[in-house]
4 protein chains.
Amino acid sequence: MARYKKTEEKKSHLLYAAFQALSDLGYDAVTLQIISDYAKVSKGVAHYYFENKEAIFIELLTWLTDKIFKKESSSIALEEKAIPKLQSYIRSVFISPEENRKFYRVYLDFLAKASRNSVYREINQRFYDNCSQIGSEIITIGQKEGVFNPHLSPKEASREIRAIIDGYLIQWLMMDEDQLHDIYHEGCLASILKILK
Amino acid sequence: MARYKKTEEKKSHLLYAAFQALSDLGYDAVTLQIISDYAKVSKGVAHYYFENKEAIFIELLTWLTDKIFKKESSSIALEEKAIPKLQSYIRSVFISPEENRKFYRVYLDFLAKASRNSVYREINQRFYDNCSQIGSEIITIGQKEGVFNPHLSPKEASREIRAIIDGYLIQWLMMDEDQLHDIYHEGCLASILKILK
Amino acid sequence: MARYKKTEEKKSHLLYAAFQALSDLGYDAVTLQIISDYAKVSKGVAHYYFENKEAIFIELLTWLTDKIFKKESSSIALEEKAIPKLQSYIRSVFISPEENRKFYRVYLDFLAKASRNSVYREINQRFYDNCSQIGSEIITIGQKEGVFNPHLSPKEASREIRAIIDGYLIQWLMMDEDQLHDIYHEGCLASILKILK
Amino acid sequence: MARYKKTEEKKSHLLYAAFQALSDLGYDAVTLQIISDYAKVSKGVAHYYFENKEAIFIELLTWLTDKIFKKESSSIALEEKAIPKLQSYIRSVFISPEENRKFYRVYLDFLAKASRNSVYREINQRFYDNCSQIGSEIITIGQKEGVFNPHLSPKEASREIRAIIDGYLIQWLMMDEDQLHDIYHEGCLASILKILK
DNA sequence: CATGAATGAGGATTCATTCAT
DNA sequence: TATGAATGAATCCTCATTCAT
């Protein structure tokens, strides 16, 4: 089984290289040569591990959104109550200016693609669904605790949470000022709380 | 006796063709040939009117965001009071599934580029600033009327409005279901109202 | 007849513009647009007066070599004796660093073309023949005066004169130092004198 | 079992193809497709081995002038005395009508470019310097032997030798008659001898 | 005559993909 | 497995030429 593992490691290595390259340079500037350079392997390797260029990006989106989801998921597990859970969730989303910039640049590339390509859209949908579960869980708990509006539909409200998170982080990305990160973090949390109450 | 169209008309014609092509096909699939085909002119024309491909997209983003802003701007002028103004604003943003899809696909492409390219970012910033003026005006009026929270900073809150609008519409775009358009419209308006109150 | 004259004037104007452009930019960088810009006329004019781009250059070479020949021709008419005639000839060839640079840049472009294209070659041949006449005249006079070797074939020796002139001026051009102009001038004259004696 | 040719071999192969194409067709008619066709490789290969078209020509001029210099250099090594050395040098320059035509066509293209472009000019300067060394060596020996004018500056005179060689060969090229090759060869040698004595 | 908008062929360049080693 | 040489389709861009006004 060592073989298989090695292969998976190599793939992850390539995906991470693709992620870095994509974040730095953007979709249309990234070539397989550049990804290979980032990964410090030869150009042939990328083709050995992936069917074609598209496949790399498909897998990258899957890999990325899974990683994000796992991080978010574990972050809410640390808390018991709804509001701390929500705070922890938002905190895990607003990791740091560097991480958010790196991820959202790439994520915007993917959203742009997803708006026309159903393969990307479905992967994103899975991510949305996962996020929705997190949100629903928090909301349901909060409703039981009596801290959130009991008339809210957890499913709908959790989608709204994600919409607001993305809206805030995209706008923060466009402002291009690291010191605004905290302000957007707080603003985002405050807005979500207002909506849930 | 059809005279030659004036230069500016032709440029707009090409920009609209570029917009359509971009919306249909996405950034990396759009070639100058395709834009020319959409505009039903020869390939050389695009180069005659624009320095290069990049210039077309730069001008397109400017043209598009200006157009959107004008539409939004005139929509709020129709109302006197804050809440109807806000409703009118949001209504002008959520025009129709077709229009929103067409615009947001292209806008996502531009946001992705703007995240790495300051030229695009500055154009988008101008758009944000314009939207912010609209928001500020509504909020200030609402605060005078006593319908909005008087402690809100109009400038900050107006940015939050835009973030929420974009967040909702991007998510709607990803859901790829036209009938959700109304629901997202209402949801967006409701969320903004909650935040402003 | 005024019409005709005006046309010829305009053509000369365009040819001079082409000469300037060619000297500044070189064959492959010169476009009809550039020539038109140098002549401060619209692009269409160049096509109105000349069949096509090639025709401009053909006529330019003719015009240029005629102009040079006339200048050389009139310069030797000023003197009576062989050696002063020769000196005057060489002086008229080594006009100034600026003029020589301008001419020889263009002339090299034409020689390069002439080496493969018989149309250019024939025009140059006419120039060579004209120069040969000048040389022959000087040599014949010098032989009568007893200052030149009587066994020289005026025809052959005059070709050698031209070869040496071109050789020196091309090398001077490559040295790219204006102050060497006088030295090459003297060296050229001295070499020719040695050959003729 | 033919191994892949080494990179340097392939580059030389391409340079030779470029040389042939350039000689046949001239600077502005040579495309990368044509060079590739001459080399019997695909279009992409030229870009694989060279940064761009310009780089091919830069390297070609370097390669060509080096080759010429080596040939000239070894030709004078065969003789001991000044005049035989000079004869051998001139003989190596006037190789054959075919070779001279092929080289001087290309060389004229480069001289034309060099007159405006310092990169080409510097490469040519290196060639001139190399030729100058050959000439200086011959002249110095001849002065010691007492067969050349002792007052000549070897450096200057050697430049004059090169000017005369180029002047003669360019003129021969323009005459476009192979049978004149010998006559120009002899004429060139005779002229140089007159200048050195 | 003059203008400059429009055309489209042609060329440099890029890059995903293939494949021999 | 891994490499990187080779391929050629695809694309941006240039520019001579045409032609309506």
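First the proteins, then the strands, lettered A, B, ... as listed; each starts at 1.
Other residues, nucleotides and ligands place no more than 12 heavy atoms under 6.0 Å from the CD atom of A/Glu51.
Remark: C1' of F/dA6 and NE2 of D/His13 are 13 Å apart, rounded to the nearest angstrom. Atom pair A/Lys11:NZ and F/dT1:P shows a separation of 12 Å (rounding to whole Å applied). Rounded to whole angstrom, the span from the CG atom of C/Leu14 across to the P atom of E/dC1 amounts to 13 Å. Protein atom CD1 of C/Ile35 is 18 Å distant from nucleotide atom P of F/dT14, rounded to whole Å. Remark: C1' of F/dT7 and CG of D/Asp37 are 14 Å apart, rounded to the nearest angstrom. One can place CZ of A/Phe50 at 18 Å from C1' of E/dT18, the figure rounded to the nearest angstrom.
One N or O on the side chain of B/His13 and one on the backbone of B/Ala39 form a donor-acceptor pair closer than 3.5 Å. The closest donor-acceptor contact from the side chain of C/Ser115 to the backbone of D/Arg105 lies at 3.5 Å or more, if one exists at all.
Atom name C1', nucleotides E/dC1 and F/dT21: the rounded distance is 13 Å, in whole Å.
Taking C/Asp24 as the reference, nothing meets the salt bridge (Lys or Arg N to Asp or Glu O under 4.0 Å) condition, with sequence neighbours excluded. In this structure D/Tyr27 satisfies the side-chain hydrogen bond (donor to acceptor under 3.5 Å, both in side chains) test together with D/Tyr120, sequence neighbours excluded. Residues that satisfy the salt bridge (Lys or Arg N to Asp or Glu O under 4.0 Å) test with C/Asp37, not counting sequence neighbours, are absent from this structure. With sequence neighbours excluded, the residues that form a salt bridge (Lys or Arg N to Asp or Glu O under 4.0 Å) with C/Asp176 are D/Arg121.
In terms of phosphate contacts, D/Tyr49 brings a side-chain nitrogen or oxygen within less than 4.0 Å of OP1 or OP2 of F/dA6.
Using a cut-off of 4.0 Å between Lys/Arg side-chain N and Asp/Glu carboxylate O, B/Asp28 and A/Lys113 are scored as salt-bridged.
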Assign a letter to each nucleotide of nucleotides 8-15 of chain E from its 5' end: B, base within under 4.0 Å of a protein heavy atom; S, sugar-phosphate only; -, no contact. BBBSSBBS
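Figure legend: A/Lys10 and A/Tyr49 shown without cation-pi pairing, the cationic atom not lying both under 6.0 angstrom from the six-membered ring centre and within 45 degrees of its axis.
Secondary-structure stems of DNA chain F, taken as three or more successive Watson-Crick or G-U wobble pairs (i with j, i+1 with j-1) under a 3.5 Å distance threshold, comprise E:2-21 with F:2-21.
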